[in-house]
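Positions are given from 1 along the sequence.
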Amino acid sequence: MAGRGRSGDRIEPSFSGRPARDDDEFSLDADDRIAGGRSQRRGGSKPPPQRAARRRRREPREREGGGFFGFLRRVIYWCVVLFIWAGIGVAGLVVYYGSRMPSASTWAIPERPPNVKITAVDGSVIANRGATGGEALSLENMSPYIPEAVIAIEDRRFYSHFGVDPLGLGRAIVTNFTAGHMVQGGSTLTQQLAKNLFLSPDRTLERKVQEVLLALWLEQKYTKDQILAMYLNRVFFGSNAYGVEAASRRYFNKSARDVNLGEAAVLAGLLKAPSRLSPARDADAANARAQLVLAAMREQGFITDSEVKTAMSQTPASAKSYWSGAGHYVADMVMDELPGLIGDVKEDVIVDTTIDKSLEKKAEQSLVDVLDKEGGKLDASQAALVSIDGTGAIRALVGGRDYATSQFNRAVKAKRQPGSSFKPFVYAAALEKGLTPYSVFNDAPIRIGDWTPENYEKKYNGEVTLATALAKSLNTVAAQLVMYDGPDQVIKLAHRLGIESELQPNASIALGTSEVSLMELTASYAAFMNGGYKATPHVIRRVTTAEGKVLYENTYDSPPRVLSEQIVAEMDAMMMGVIDNGTGKSAKIPGWQAAGKTGTTQNSRDALFVGFTSNLTTGVWFGNDDGKPMKKVTGGGLPAKAWKEFMIAAHKGLSPAPLFGNGQLIADPNNGQPMAQAAPGDGQAGDGQLGSGQPMTAEAPPSTIGGIISGVFGGDDNANRYPQAPVRQQAASSGNGPVPPADIAEGGGSNYEGVVPPGDVGGAQTTSSVQPRRTTLLDLIMGQ
């Protein structure tokens, strides 16, 4: 064994003769030996003194495990154990639920639903449309009170926590436990954003764990300001408003850029319960919550005591239950037309409209003023207005009394009988047929088949000129003109000027029995205002993306000619008589030439006035949605009054300009009778001078609004660019001038296809009542 490196000397163990040792050393005495122990136990001897002493020294240590401190140590010990196990359990849940989520590398902020920003001609916002109801704003562009109010009431440690606030969570647990029910949440703004962006509203443990994970990811990916901006632009504020811009416009009718301290407090207070605390639903609850927000802002040092007092007077008392303002009728109209222009909206777009917001407000106010003053006693509950310039651009549109109450657009979607406001098309067709404003017809009882038209006042005037008949809105003369022209010719002219609705080819069309919309009727009148060019009504000028890319731009700057200058001048002169001496006297505008026509349907179910100056053509309708008759309301009553109020406001500050042709009549060289004045010889309409009588031509640019529609009169090729209106025909003559159709003059059968049915018109007196055809200076120049 020595070969293995061990010493050859044996060392025997020794248990005696050792120096003194410490108690902690391991050793055996003789008494501890097995043999010795047995003999001693058998002999009943006591343990040796040294062993007894060791036992006494152990007793105090055993007693130390009891008492209060021992209990406390055990509690701490087990708490640590439980905490460790709880941590392991939470980690397991996080791992499990996290594994059910997509890979973090695929996480991305979902695109905000596209917004449609609708602006007026001055660039101001009319409305926002889309899923959110408002555009996104950066923190720098919104009122500074908004983020301060939200942080103060929702997450006061937002800028210091890492996405999850343990202190806030603990405080919420204690508060809820003390109250006995849920009174405070522990989620941070980052967690709320994560929930809104990615998760369902279900209150489950899985969703909460995923919310925390996503919050941590957001905090790592974005800055605090970016997170706050995303939150404020996406959070729900009630009443279908998502984001502060939509909420500000919904409740305060202003941009979030302009929100004051009190309004910001209301918005921040909504976040707790958007539907219940909405100012549109419970103004008192909204204001009470706003006071708590102000107190929290003061506590956080965002505002001072004096600012709190000021803000308390700024909090709005209430908000309408729905979007309010006539501009929303325009916004709805834009959204109806937009898909047809650019297809589906897939990104934020800006729609520039033709609307003038100042005119829009004046239009709405004029209708409200008249309805409030006289609508109740005359049983008129609704009204609508459309105002169009010479190019067809809609400058103001009001679809009803109050958008918040009813969103139905009566100016565009409602079709009503226009009554006598349809007569200008009848008269214009007659002028194209060869008659003049001073052709004479007999105002007397007539019968056309089974139809017997009567005048509104049930009185008759005998022989009258067409100008007088139009001014007084004589139904019998209009009915005769339809039979003279033929209903088909009237319909063709109406369609040519802009009426798109289907019109029935019968004699009663003279009295406006076919239904049309107020917008198409008004746009058709614009041809009389602009010198004879079609004015296609449109509200959208341009559509661009947020980056400025043009998606659509209208092309209504090259309208076709639909009426000759001579017909326009004669019609304008006659329709001026409606306001100056006829049924539209209530529409007179001091200092301005104006022309128009009243319209009233049977039993006063509808009342209209459509008229124009050299700047605007405006149509106004009054009535009831259910067709209930009003109390003797005519077009010369409420509609004319509202028209006048609006047009005076719209022309305030503008220099008066005459109508096309100056609205005057020139003398017939044959007999001295006045005729409608054509444009002056130099081609400039409206200077009040009698010129050579030469008709206005495409080569002679006028100064009217029709002449400044993107240079449509300029250039050598303009004569062939647009289809020409029919040339006035020479009326058939039998020695006495123009003769009405045989079926009217003689009571015989109808010679006109589409004319219903043959009629008798006051016997033979009708023929004799028609004055001989007068040759105008225009006829002499043109060799007719």
Should Pro445 and Tyr460 count as side-chain neighbours, where that means a heavy-atom distance under 4.5 Å? yes
Pairs where residues 451-460 contributes a residue and the test salt bridge (charged side-chain N to carboxylate O under 4.0 Å, His left out) is met, not counting sequence neighbours: Glu454-Lys458
Measuring only between side-chain heavy atoms, which start at C-beta, is Ile448 closer than 4.5 Å to Val482? no
Quick check for you: to the nearest 0.5 Å, what is the distance between Phe622 atom CZ and Arg401 atom CZ? 9.5 Å
In Å, rounded to the nearest 0.5 Å, how long is the span from OG1 of Thr465 to CG of Leu470? 9.5 Å
When you compare the side chains of Ser508 and Asn506, does any donor N or O come within less than 3.5 Å of an acceptor on the partner? yes
Is there side-chain contact between Gln382 and Asn624, with at least one heavy-atom pair below 4.5 Å? no
Any pair counted as side-chain hydrogen bond (donor to acceptor under 3.5 Å, both in side chains), so long as it reaches residues 418-428, sequence neighbours left out: Ser420-Lys423, Ser420-Ser473, Lys423-Ser473, Lys423-Asn475
Can Ser514 and Gln417 be counted as having a side-chain donor-acceptor contact under 3.5 angstrom? no
Contacts of type side-chain hydrogen bond (donor to acceptor under 3.5 Å, both in side chains), residue Asp379, not counting sequence neighbours: none
Any chance NZ of Lys588 has more than 12 other-residue heavy atoms, nucleotides or ligands included, within less than 6.0 Å? yes
How long is the straight-line distance from CD1 of Ile509 back to CG of Asp485, given to the nearest 0.5 Å? 11.0 Å
Does the side chain of Ile394 come within less than 4.5 Å of Met333's, by heavy atoms? yes
Quick one: side-chain hydrogen bond (donor to acceptor under 3.5 Å, both in side chains) partners of Glu502, sequence neighbours excluded? none
When you compare the side chain of Pro639 with that of Leu608, does any pair of heavy atoms fall below 4.5 Å? no
Which ring pair (Phe, Tyr, Trp, His ring centres under 6.0 Å) pairs, counting each pair once, include a residue from residues 571-599, with sequence neighbours left out? Trp592-His651
Can you name the side chain to side chain contact (heavy atoms under 4.5 Å, CB included) partners of Thr618, sequence neighbours left out? Leu385, Ser387, Leu616, Val620, Trp643, Phe646, Met647
Mind checking whether His538 and Thr354 have side chains closer than 4.5 Å, heavy atoms only? yes
Interatomic spacing from CD in Gln602 to OH in Tyr456 - rounded to 0.5 Å: 12.0 Å
Can you name the salt bridge (Lys or Arg N to Asp or Glu O under 4.0 Å) partners of Lys585, sequence neighbours left out? none
Going by the rule side chain to side chain contact (heavy atoms under 4.5 Å, CB included), which residues pair with Ala326 if we only count those two or more places apart in sequence or in a different chain? Tyr329, Glu360, Glu364, Val398
By the salt bridge (charged side-chain N to carboxylate O under 4.0 Å, His left out) test, which pairs, at least two apart or in different chains, include something from residues 594-623? Arg416-Asp606
Give the minimum heavy-atom separation between Val386 and Thr522, together with the two atoms involved. O-CG2, 3.7 Å
Atom CG in Asp572, atom OG in Ser614: separation rounded to 0.5 Å? 10.5 Å
In terms of the angle between their ring planes, are Phe612 and Phe528 parallel, tilted or perpendicular, with boundaries placed at 30° and 60°? parallel
Per the salt bridge (charged side-chain N to carboxylate O under 4.0 Å, His left out) rule, what does the pair list look like for residues 635-654, sequence neighbours excluded? Glu374-Lys641
Should Glu463 and Phe441 count as side-chain neighbours, where that means a heavy-atom distance under 4.5 Å? no
State whether a side-chain donor-acceptor pair under 3.5 Å links Asp389 with Asn615. no
Taking only residues two or more places apart in sequence, or in another chain, which ones meet Asn603 in a side-chain hydrogen bond (donor to acceptor under 3.5 Å, both in side chains)? none
Residues at least two apart in sequence or cross-chain that pass side-chain hydrogen bond (donor to acceptor under 3.5 Å, both in side chains) with Thr536, listed by chain then number, are none
Using side-chain heavy atoms (C-beta onward) and a distance below 4.5 Å, is Val368 in contact with Leu371? no
